[in-house]
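The next block holds one structure in the form of structure tokens; read it before the comments.
Numbering of residues begins at 1 and proceeds along the displayed sequence. Remember, it's a predicted structure, so these values are computed and weren't measured experimentally.
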Amino acid sequence: MLAGGAGSRLRPITHTSAKQLVPVANKPVLFYGLESIRDAGIREVGIVVGDTEAEIRGAVGDGSAFGLDVTYLRQDAPRGLAHAVLIAREYLGGDDFVMYLGDNFIVGGIDGLVDRFRAERPQAQIMLTHVSDPRAFGVAELDGEGRVVALEEKPRHPKSDMALVGVYLFSPAVHEAVAELKPSARGELEITDAIQWLIDHGHRVESTVITGYWKDTGNVTDMLEVNRLVLEGVEPHVEGEVDEASELIGRVVVEAGARVAGSRVVGPVIVGAGSVVRDSYVGPFTSIDRDCAVLDSEIEYSIVLRGASIDGVGRIECSLIGREAEVTPAPRVPKAHRLVLGDHSKVQISR
């Protein structure tokens with residue numbers, strides 16, 4: 001399981017938090033992957049970590065909460081997916097293994113993929129899906145019979161629209177391939193080059209084209225879309241307090257210790273433990289993490305992280321609001337915008 005990387009596309013959130021721990025429906029993306037691995041019958045997991053190691057360790061622990069036995073493997077810098085295989089060589093030994101990117105989200109898990117690998121015994125098995133812009137992904141070229149004949153990482157001129165999904169299955173043969181690699185033009189050891197080496201040396205590489213839902217949750221738009229998808233499946237239940245002046249419509253979860261007062265909540269929505277929603281409107285596809293406050297405000301299709309406060313503002317949409325953030329009205333006079341922004345922030349301001 002890969003849980004390093006800087007998460008530059010989610011800045012400024014990832015300046016202070018691991019991208020794999022940004023929550024979807026109030027549960028970190030990484031946890032969905034760990035659960036998929038467990039459900040596929042795998043129990044030993046090595047998590048490749050980088051600068052956010054302490055945070056990942058704090059969230060996952062020894063893995064027992066997931067029914068897993070977790071070992072942490074330190075990567076000094078993001079040097080490519082194949083480099084992660086290289087540093088895990090001693091841990092993996094002579095075993096077959098799954099490599100799962102910790103910021104990927106796959107509906108339906110990986111049970112079928114693992115079962116097929118065990119039954120057919122190729123040297124590598126990859127997952128593919130059709131994408132609108134293959135230039136942002138590793139891309140596979142297939143022959144007339146659907147066999148993988150070539151792969152390329154983030155090509156400027158893709159030869160197909162088949163992108164590699166962030167789950168790979170390998171036999172120990174991949175270690176020989178990785179040992180032969182040289183850094184790419186990006187300065188990384190590319191897993192696509194390792195798979196191409198296997199193909200070029202006569203090893204069998206199989207592929208599965210998935211038709212279900214998959215997202216690389218590397219940017220805000222994709223995070224919100226995955227959050228929407230997960231919330232579609234929630235069952236309504238109320239363990240917290242909801243007063244008589246409030247209205248809950250549809251699939252709404254109010255966790256223990258949360259309070260909703262004088263508000264209208266239209267699901268699917270999750271209000272996390274210890275959070276307060278007062279005199280507000282919370283619209284569909286919104287996740288409010290624990291210990292947050294939404295007061296005299298409106299919010300819809302958004303993710304609010306732990307401890308954030310939204311007080312006295314108009315409508316908020318399509319937003320990712322970080323931990324302990326504060327959103328308040330701007331002074332009416334003079335007409336100006338007052339901003340405190342992290343590096344690489346993006347702000348849209350109405351004229």
Side-chain angles (χ1 to χ4, degrees), residues 1-10 14 17-22 28-38 40 42-106 110 113-114 117 124-127 137-138 153-154 164-181 183-184 186-195 215-218:
M1 173 73 76
L2 274 62
S8 58
R9 292 179 293 163
L10 277 173
T14 49
S17 177
K19 64 177 179 177
Q20 298 84 5
L21 296 181
V22 176
V29 171
L30 179 66
F31 289 12
Y32 292 97
L34 290 172
E35 290 167 355
S36 291
I37 289 171
R38 176 200 62 206
I42 299 167
R43 293 294 176 264
E44 296 181 56
V45 178
I47 301 182
V48 177
V49 292
D51 292 341
T52 58
E53 176 180 358
E55 191 177 8
I56 299 292
R57 280 181 177 269
V60 177
D62 64 1
S64 57
F66 302 90
L68 300 171
D69 179 10
V70 168
T71 300
Y72 293 92
L73 309 170
R74 177 74 184 191
Q75 187 179 34
D76 62 347
R79 303 184 188 278
L81 302 186
H83 183 261
V85 176
L86 187 66
I87 66 168
R89 177 69 181 91
E90 182 177 351
Y91 170 77
L92 294 168
D95 293 335
D96 299 336
F97 65 96
V98 175
M99 183 169 74
Y100 196 121
L101 275 59
D103 59 354
N104 275 226
F105 184 91
I106 300 171
I110 60 171
L113 187 73
V114 172
F117 181 82
Q125 190 163 310
I126 59 178
M127 297 177 73
F137 303 95
E153 187 66 29
K154 296 180 174 63
L164 276 75
V165 175
V167 178
Y168 310 79
L169 288 85
F170 292 112
S171 77
V174 74
H175 296 301
E176 184 180 1
V178 169
E180 296 293 325
L181 297 184
S184 67
R186 302 193 307 154
E188 298 186 359
L189 297 181
E190 310 286 3
I191 199 66
T192 45
D193 290 344
I195 300 170
K215 278 288 184 184
D216 170 0
T217 59

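The structure places CD of Glu153 at 8.0 Å from CG of Leu164, a figure rounded to the nearest 0.5 Å. Note that the CG atom of Asp51 and the CG atom of Asp76 stand 9.5 Å from one another [nearest 0.5 Å]. Atom-to-atom distance recorded for Leu30:CG and Glu35:CD is 10.0 Å, nearest 0.5 angstrom. Taken from CE in Met127 to CG in Asn104, the straight-line distance is 9.5 Å, to the nearest 0.5 Å. One distance of note links CG of Asp193 with CD of Glu180; it measures 12.5 Å at 0.5 Å rounding.
Side chain of Arg38 to main chain of Leu68: no donor-acceptor pair is present (N/O by atom type, distance under 3.5 Å, no hydrogens or angles). Panel note: side chain Tyr32, backbone Gly102; no donor-acceptor pair is recorded below 3.5 Å.
Within the 4.5 Å cutoff, the side chain of Met99 has no heavy atoms near those of the Val167 side chain. Taking the side chain as every heavy atom from C-beta outward, Pro172 and Asp96 approach each other to under 4.5 Å. For the pair Phe170/Gln125, no side-chain contact is recorded, criterion being any heavy-atom separation below 4.5 Å from C-beta on. Leu21 has its side chain within reach of Glu55: a pair of non-hydrogen atoms, C-beta onward, lies under 4.5 Å apart. Between Ile42 and Phe97, every side-chain heavy-atom pair lies at or beyond the 4.5 Å cut-off. His175 is listed as a side-chain neighbour of Leu92, based on a closest heavy-atom distance under 4.5 Å. For the pair Ile47 and Met1, the minimum side-chain heavy-atom distance is below 4.5 Å. Side-chain contact between Val60 and Phe66 is present, with heavy atoms from C-beta onward closer than 4.5 Å.
When all heavy atoms of Arg43 and Gly67 are compared, the closest pair comes out as CD-O, 3.1 Å. Between Ala3 and Thr52, the shortest heavy-atom distance links the atoms O-OG1, 3.9 Å. Nearest heavy atom pair, residue Val70 against residue Gly63, reads CG2-CA, 3.6 Å. Taking all atoms of both residues into account, the shortest heavy-atom contact from Glu190 to Leu181 is O-CD1, 3.6 Å. Of all heavy-atom pairs between Ala194 and Ala177, the closest is O-CB, 3.5 Å. Closest of all the heavy-atom pairs between Ala40 and Val114 is CB-CG2, 3.9 Å.
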After noting the C-alpha distance and the side-chain angles of Asp62 and Arg57, does the key distance pass the salt bridge (charged side-chain N to carboxylate O under 4.0 Å, His left out) rule? CA-CA 8 Å; Asp62 64 1; Arg57 280 181 177 269; over 6 Å; no

Check step by step if side chain to side chain contact (heavy atoms under 4.5 Å, CB included) holds for Tyr100 and Val45. CA-CA 10 Å; Tyr100 196 121; Val45 178; over 6 Å; no

For a side chain to side chain contact (heavy atoms under 4.5 Å, CB included) check, start with the C-alpha distance between Leu73 and Val49, then their side-chain angles and the critical distance, and finish with the verdict. CA-CA 6 Å; Leu73 309 170; Val49 292; over 6 Å; no

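Each of Val98, Val174, Leu101, Val85 was compared with Tyr168 under the side-chain contact (heavy atoms from CB on, under 4.5 Å) criterion, and only Leu101 meets it. Test Ile126, Ile110, Leu113, Ile106 against Val165 for side-chain contact (heavy atoms from CB on, under 4.5 Å) and you get one pass: Ile106.
Of the N and O atoms on the side chains of His83 and Gln75, at least one donor lies less than 3.5 Å from an acceptor on the other residue.
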